[in-house]
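What follows is a short report on a single structure.
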Amino acid sequence: QVQLVESGGGSVQAGGSLRLSCVASGYTVRRSCIGWFRQAPGKEREGVATIYSAAGTTYYAESVQGRFIISQNGAKSTVYLQMNNLKPEDTAMYYCAAAPWQGCVSWNTPSGYNSWGQGTQVTVSS
């Protein structure tokens, strides 16, 4: 399994930016599907963006396309989520998750991921 630790959450006004980081460790990380999910109170967990570590292929939810960017460092040990033009509806707990590469086939399905971080809160005020 992959171990994950998130950081970078906080409070920001609408239109602002935040960058989340997810440090991943474990022997499978270089061939893993690393994703960001979010969950707001009373709502289901939803996929935000995912990257397939080996190829750098990325996937995005329509709601964040053009505003969020997922990337990884050269060692493929840290995955970032750059969030720009934040909106109040982006407010949620954000989780980093990892899956074997097959998890990228249904990248936005939480049940396909077998490792999860503890989450970091993002709050966007209007």
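This one's a predicted model, so the numbers in the text were calculated from it and none came from an experiment.
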How long is the straight-line distance from CG of N108 back to CD of E62, given to the nearest 0.5 Å? 10.5 Å
Residues, nucleotides or ligands: over 12 heavy atoms within 6.0 Å of Q118 CD: yes
Do V64 and I70 belong together in a cluster built from hydrophobic side chains that touch within less than 4.5 Å? yes
Heavy-atom side-chain proximity of Y113 to T50 below 4.5 angstrom: yes
Do V48 and L18 sit in one hydrophobic cluster, given that two such residues count as connected whenever their side-chain heavy atoms are within less than 4.5 Å of each other, even indirectly? yes
Taking all non-hydrogen atoms of both residues, which atom of Y52 and which atom of C104 are closest, and how far apart? CB-SG, 3.7 Å
Begin from the C-alpha positions of Y80 and I69 and carry the test side chain to side chain contact (heavy atoms under 4.5 Å, CB included) through to its verdict. CA-CA 8 Å; Y80 305 99; I69 301 171; over 6 Å; no
Nearest heavy-atom approach of V124 to D90 is CG2-CB, 4.3 Å
In this structure, CG of L4 is separated from SG of C22 (nearest 0.5 Å) by 4.5 Å
Side chain to side chain, P100 and N114, heavy atoms closer than 4.5 Å: yes
Could you tell me if the side chain of I34 sits less than 4.5 Å from the side chain of C96, heavy atoms only? yes
With heavy-atom distances below 4.5 Å as the criterion, would you say the side chains of Y95 and R45 are in contact? yes
Any chance you could measure Q102, atom CD, to C33, atom SG, to the nearest 0.5 Å? 9.5 Å
When you look at S32 and W101, which way does the side chain to side chain contact (heavy atoms under 4.5 Å, CB included) test go after all the steps? CA-CA 5 Å; S32 294; W101 66 268; over 6 Å; no
Once you round to the nearest 0.5 Å, how far does OG of S125 lie from CD of Q13? 5.0 Å
Over 12 foreign heavy atoms within 6.0 Å of CD, E44: no
Taking the side chain as every heavy atom from C-beta outward, state whether S53 and Q72 have any pair of such atoms under 4.5 Å apart. yes
Can you list the residues that meet the salt bridge (Lys or Arg N to Asp or Glu O under 4.0 Å) rule with R19, with sequence neighbours excluded? none
Of M83, R38, M93, the residue whose pairing with V122 passes side-chain contact (heavy atoms from CB on, under 4.5 Å): M83
Please name the pair of heavy atoms, one in A99 and one in G112, separated by the smallest distance, quoted to 0.1 Å. CB-O, 3.3 Å
Which pair of non-hydrogen atoms, one from R67 and one from L86, has the smallest distance, and what is that distance? NH1-CA, 3.9 Å
Using the benzene-type ring in the case of Trp, are the ring centres of W116 and F37 under 6.0 Å apart? yes
Co-membership, hydrophobic cluster, residues I51 and F68, 4.5 Å side-chain: yes
Write down the atom of V12, the atom of S17, and the distance for their closest heavy-atom approach. CG2-N, 4.0 Å
Quick one: does W36's side chain get under 4.5 Å of V79's, heavy atoms only? yes
Considering non-hydrogen atoms only, spot the tightest contact between Y60 and A49 and give its length. CD2-CB, 3.7 Å
